[in-house]
Protein chains: 2
Amino acid sequence: MLIGQLADALGIPTRTVRFYERKGLLPDPERAENGYRVYDDTTLARLRFIRTAQAAGLTLAEIASVIGVRDDGTAPCSHVDSLLEAKLAEVRQRRRQLAALEAELSELLERSRQLDPADCTAGEICHIFTPTETVPS
Amino acid sequence: MLIGQLADALGIPTRTVRFYERKGLLPDPERAENGYRVYDDTTLARLRFIRTAQAAGLTLAEIASVIGVRDDGTAPCSHVDSLLEAKLAEVRQRRRQLAALEAELSELLERSRQLDPADCTAGEICHIFTPTETVPS
DNA sequence: GTAAACCTTCTTCTACAGGAGAAGGTCAAG
DNA sequence: CTTGACCTTCTCCTGTAGAAGAAGGTTTAC
């Protein structure tokens, strides 16, 4: 199997396969006499693994570390487990941040609806962002 | 006011002030005889505006566009409004994606708990990511 | 025998918001 | 008069996952 066929089998560009190779996610492949990369099904499986792990939010560096553990002859399960735990915590935190941002945006939009552009001054740049003044007694 | 004092007033590095200047977010400042940048309070206000807009998730390029409209003599309110609408839509979509990712991660972690690392084979790299086979009849 | 469709390596670019270092000028205090 | 704290410009680096182009060799099909 040549690189184009491998790439087509997964619907990814050939560039990406070479990129993964340089990142250490794929082993240096066999070469035909003309220098072309030659692959077998194990590479296909490895690429599928990479894509699945990516779908779980792992970065290529993290996936490379998992592959590294496996290549050391160790089952990377516990490593994967901790990566997933960390990722889950990250995702939850990010979700919280985005929830706050969504609330902030809604508030700004609501304010926008109640403001008249004619009242917007150059000094403020745009009064939608001007903090609502809590009028003191 | 020199750049260090301006930066300290907002708790940002002086580098950042120069960076904003080069990005067109701040006007070219006055210079003292020795070449030092000299600022007044309008720059302080502009920096506060930038920080507020950033907190709302706008990119520096978007903020620059808002400032550009204002510098054209137009109230940028409607422009800001559409930016905020777009940002809100983005945030909502991203939240949905993250919710799906969180579910996926939870599922993988649950699977991890039920699998024995001793069953993990080299071909799979890690069986936590191996799609659960729906056994056909 | 040539054109299309492959393949090779190399380097540079993208978005994003700065961070970091080099190499040097200026100013106030001791 | 020197030390330390400022200030200046310049250029490159960070992480992420590729995309893009240059410039060339190879193979297949007609």
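Scope of the values below: all heavy atoms of this structure, side chains included, with no hydrogens, waters or symmetry mates. Chain A is the first sequence line, chain B the second, and so forth, proteins listed ahead of strands; every chain is numbered from 1.
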*Between atom CZ in A/R31 and atom C1' in D/dG25, what is the gap in whole Å?*
14 Å

*Does A/R37 have a side-chain nitrogen or oxygen under 4.0 Å from the phosphate oxygens OP1 or OP2 of C/dC7?*
no

*asked:* Taking the minimum atom-to-atom distance to the side chain of B/T59, which one of C/dA17, D/dA17, C/dG18 wins?
replied: C/dA17

*When only distance counts, do a donor and an acceptor, one from the side chain of B/R15 and one from the base of C/dG21, lie under 3.5 Å apart?*
yes

*Modelled atom types, side-chain donor and acceptor of A/Q93 and A/R96, under 3.5 Å*: no

*asked:* With hydrogens left out and only the distance checked, is there a donor-acceptor pair under 3.5 Å joining A/R22's side chain and the base of D/dG18?
replied: no

*Could you state the CD-P distance from A/E21 to D/dA17, rounded to the nearest angstrom?*
18 Å

_Phosphate OP1/OP2 of D/dT8 contacted by B/R18 side-chain N/O (<4.0 Å)_ = yes

*Rounding to a whole Å, what distance do you find between A/I63:CD1 and D/dG15:P?*
17 Å

_DNA chain C: 5'-proximal contact among B/L58 and A/N34 (nearest heavy atom)_ = A/N34

*Give a yes/no on whether any side-chain N or O of B/T16 is located under 4.0 angstrom from OP1 or OP2 of C/dG19.*
yes

*B/Q5 CD - D/dC6 C1' separation (whole Å)*: 10 Å

*Please report the shortest heavy-atom distance between A/I67 and A/R46, naming the atom on each side.*
CG2-NH1, 3.4 Å

*Euclidean distance, atom CG of residue A/L47 to atom P of D/dA17 [Å, nearest integer]*: 15 Å

*Do B/E124 and B/T121 have side-chain atoms, one donor and one acceptor, less than 3.5 Å apart?*
yes

_Looking at every heavy atom in both B/L105 and A/A56, which two are closest together, and how far apart are they?_
CD2-O, 3.4 Å

_Distance, rounded to the nearest Å, where B/F19 contributes CZ and D/dC13 contributes P_ = 17 Å

_If the cut-off is 4.0 Å, is A/Y20 near the phosphate of D/dG18, judged by side-chain N/O to OP1 or OP2?_
yes

*asked:* At less than 4.0 Å, is any side-chain N or O atom of B/Q54 found next to OP1 or OP2 of C/dG18? Yes or no.
replied: yes

*A/Y36 OH to D/dT26 P: how many Å, rounded?*
8 Å

*Could you state the atom-to-atom distance from CD1 of B/I3 to P of D/dA5 in whole Å?*
19 Å

_Closest non-hydrogen atom pair, A/C77 against B/H127_ = SG-CE1, 3.3 Å

